[in-house]
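Structure first, then comments.
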Amino acid sequence: MYRTHTCGELRLSDVNKTVTLAGWVQHVRNLGGMTFIDLRDRYGITQLVVNNEEDNELSQQVKELGREYLVQVTGKVAERSNKNKKIATGDIEIIIHSLNVLNSADLPPFTIEDDTDGGEELRMKYRYLDLRRNPVRKALELRHKMALEVRKFLNDQNFIEIETPVLMKSTPEGARDFVVPSRMNPGQFYALPQSPQVFKQLLMVGGFDRYFQIVKCFRDEDLRADRQPEFTQIDCEMSFVEQEDVLSTFEAMTKHLFKTIRGVTIEGDFPRMSYADAMKYYGTDKPDIRFDMRFVDITSIASGKGFRVFDDAEYIGAICAPQCAGYSRKELDQLTDFVKRPQVGAKGLVYVKYNDDGSFKTSVDKFFAPEDFKVWCDECGAKPGDLLLILAGERRQTLSALSELRLEMGNRLGLRDKNRFAPLWVVDFPLLEWDDDTQRFYAMHHPFTSPKEEDIALLDSDPGAVRANAYDLVINGNEIGGGSIRIHDDLLQQKMFKVLGFSKEEAEKQFGFLMNAFKYGAPPHGGVAFGFDRWVALFAGVESIREVIAFPKNNAGRDIMNDAPSSISQEQLDELGIALKDSGK
RNA sequence: GGUCUGGUAGUUCAGAUGGUUAGAAUGCCGGCCUGUCACGCCGGAGGUCGCGGGUUCAAGUCCCGUCCAGACCGCCA
């Protein structure tokens, strides 16, 4: 046995016990006559003491220790004369009488401390060292706790966790697939699942009316701070349910997580907002409703007055920044630069300062009269002291830019406190999205999403207007989850494929097994999938999901630690019957 | 595919306008120190300024290319 206790558990009540600890040397403080060592493991830090004069041999040994040496020590627990209130074991220390170096350690490239001096790249390259740091360990512990609470909650609700294949069939819709060549079937490929979507629907046909799985999904698309090529979903599906049943079940799960993990009780039902309203008032399908600052459409009152920019605009939108009329020229220039960045894409920014004395100072004084500004301000509910920020242009683009501006103002005004949570359901998503490049409709959610009953007739006349039984859970401007009521009727599913431009043969080839399954008494069903990494990151209060993944990949999809992906041998390629176009690196 | 930011000591960074021997903090090494816990004090070592090319009497600094990292747009049903 290497240890009798961990480095986090000894207290005053353990004084005089003889104990053996094993751990990493966090820090050595040699005061000359005596030496203190901070010994660290996953559970905490315990201070060791050596009296250099009483035990010369031991003090020589201690002199040899370096950071992150792994040692085993035996000694007696003693009360400290100088207690350290900052750590749980701060009342005691171990007067050691023997020390055994289990493993020496090279000097780590960065300090293993809460506030490390290491940059992101180094930390990822030596992730196994980074994992020794408290913040990283705590993030993974949080992740574990959340997974556990999800399983507890869903198990209590009769959900059953069932594994689905990781090697599956490539499907044409949606994200790019990661593919895996099949040696036994030359020239053919598996795909890694973008989600277990089809399998969970087949589980419903199979009679497992409440399924869930905490499962890895794979999408070969470009990455972001909140997107990894492999990520984890809480994947759920229920039979004999309507949208309302799914929402209430998973609203309860969300509240359970808030309560058990963050200690937050969310009163009342989550707000619901239609996709149309989300776009109209926030310019995005994932509004951050921790603060208001809704868009006001002033197109009808601001155009036609001889200001070309407004007169030519399809849409003119304003937000009211409370108590910002005092913004300096410099601050307004910064905001203008912000909206003109290519990523935001606005042509310019119009401001209206509603001064405390009721007068106006604006960037368009020569085109409008004070009475005009008053009308705009009234429309926006602005009071003296407030600032209107106005963008104009093509509708879609302007809404999107205004959304970015709104979030920027939220940040500037400190309205986006990461310890405040504002969840909501966004509902009534469009079923289909038109794509100009390929001149066809695509499923906005996925091709198995059911249209609203009252909109089915529109599938023929105006497919773009059809609303879906689809919903997203949004928290603080993050899409945390989304789902839909599925089609369970093979005729409707065939119709859907037709609208998506699949020939009968293609639909049969890609999804025949599913439509076939629907012929054998498929129950009405629907479900939802949550982005587990994003949820953990949200609860951890960190920006990047990399912080809550033990071994994440970088923004080019590379594992900096082991340098995956890498080339494979000619033998492997030959065995798979694969010839490379160019040899790569 | 694109836009932007960064790359200088082990690490995190500073190095206006091109100009003597490239600095700080921290870490590391050595010495001193019996109550430290971000220990303290004294001393020391440590640099291919990402890489390649160019401009110049002279480049860490300017230009071009390239590699790496990060953020974002496109993309992600």
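Everything numeric in this text was worked out from a predicted model, so none of it was measured. Just so it is clear: chains get the letters A, B, ... in the order the sequence lines come, proteins before strands, and each one is counted from 1.
For the pair Phe338(A) CZ and C73(B) P, the computed distance is 11 Å after rounding to whole Å. Between Leu223(A) atom CG and A69(B) atom P there is a gap of 12 Å when expressed in whole angstrom units. At whole-Å resolution of the value, CG in Asp437(A) and P in C75(B) are 8 Å apart.
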Report each atom pair, protein N/O against N/O of nucleotides 5-15 of chain B, whose distance is under 3.5 angstrom.
from	atom 1	to	atom 2	distance (Å)
G10(B)	N2	Asp117(A)	OD2	3.4
U11(B)	O2'	Asp117(A)	O	2.4
U11(B)	O2'	Asp117(A)	OD1	3.4
U12(B)	OP1	Gly119(A)	N	3.3
U12(B)	O4'	Asp117(A)	O	3.3

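Asp55(A) is linked by a salt bridge (charged side-chain N to carboxylate O under 4.0 Å, His left out) to nothing, counting only residues two or more places apart in sequence or in another chain. For Arg133(A), the side-chain hydrogen bond (donor to acceptor under 3.5 Å, both in side chains) criterion is met by Asp130(A), not counting sequence neighbours. Under the salt bridge (charged side-chain N to carboxylate O under 4.0 Å, His left out) criterion, Asp222(A) pairs with no residue, sequence neighbours left out. Residues passing the salt bridge (charged side-chain N to carboxylate O under 4.0 Å, His left out) test with Arg227(A): none are found, sequence neighbours excluded. Looking at residues two or more places apart in sequence or on another chain, you find no salt bridge (charged side-chain N to carboxylate O under 4.0 Å, His left out) involving Lys63(A).
The base of C73(B) is not paired with the side chain of Gln343(A) by any donor and acceptor separated by under 3.5 Å. On a pure distance criterion of 3.5 Å, no polar donor-acceptor pair joins the side chain of Asn554(A) and the base of G70(B).
Here G40(B) sits opposite C32(B) as a Watson-Crick or G-U wobble pair (both hydrogen-bonding atom distances under 3.5 Å).
Taking the six-membered ring where the residue is Trp, the centroids of Phe530(A) and Phe250(A) are separated by under 6.0 Å.
Judged by distance alone, the side chains of Arg534(A) and Asn478(A) never bring a donor and an acceptor atom under 3.5 Å apart. Using modelled atom types, one finds a donor on one side chain and an acceptor on the other under 3.5 Å when comparing Asn469(A) with Lys452(A).
Non-hydrogen atoms lying under 4.0 Å from RNA chain B are contributed by Arg224(A), Ala225(A), Arg227(A), all within residues 224-238 of chain A. Within a heavy-atom distance below 4.0 Å of RNA chain B, the residues of residues 49-68 of chain A found are Asn51(A), Glu53(A), Arg67(A).
Screening residues 479-513 of chain A for ring-ring contact (aromatic ring centres under 6.0 Å, His included), with sequence neighbours left out, gives Phe448(A)-Phe511(A), Phe497(A)-Phe502(A), Phe497(A)-Phe511(A). Here side chain to side chain donor-acceptor pair (under 3.5 Å) pairs that include residues 392-410 of chain A, with residues two or more places apart or in two chains, are Glu408(A)-Arg412(A). Sorted by first and then second residue, the salt bridge (Lys or Arg N to Asp or Glu O under 4.0 Å) pairs involving residues 465-492 of chain A (not counting sequence neighbours) are Glu237(A)-Arg486(A), Glu454(A)-Arg467(A), Asp455(A)-Arg467(A).
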statement: Its contact letters, B for base, S for sugar-phosphate only and - for none at protein heavy atoms under 4.0 Å, make nucleotides 37-49 of chain B read BSB----------
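When every heavy atom of Pro109(A) is checked against every heavy atom of Leu122(A), the shortest pair comes out as O-CD1, 3.9 Å.
Between the side chain of Gln228(A) and the backbone N or O of Lys553(A) there is at least one donor-acceptor pair closer than 3.5 Å.
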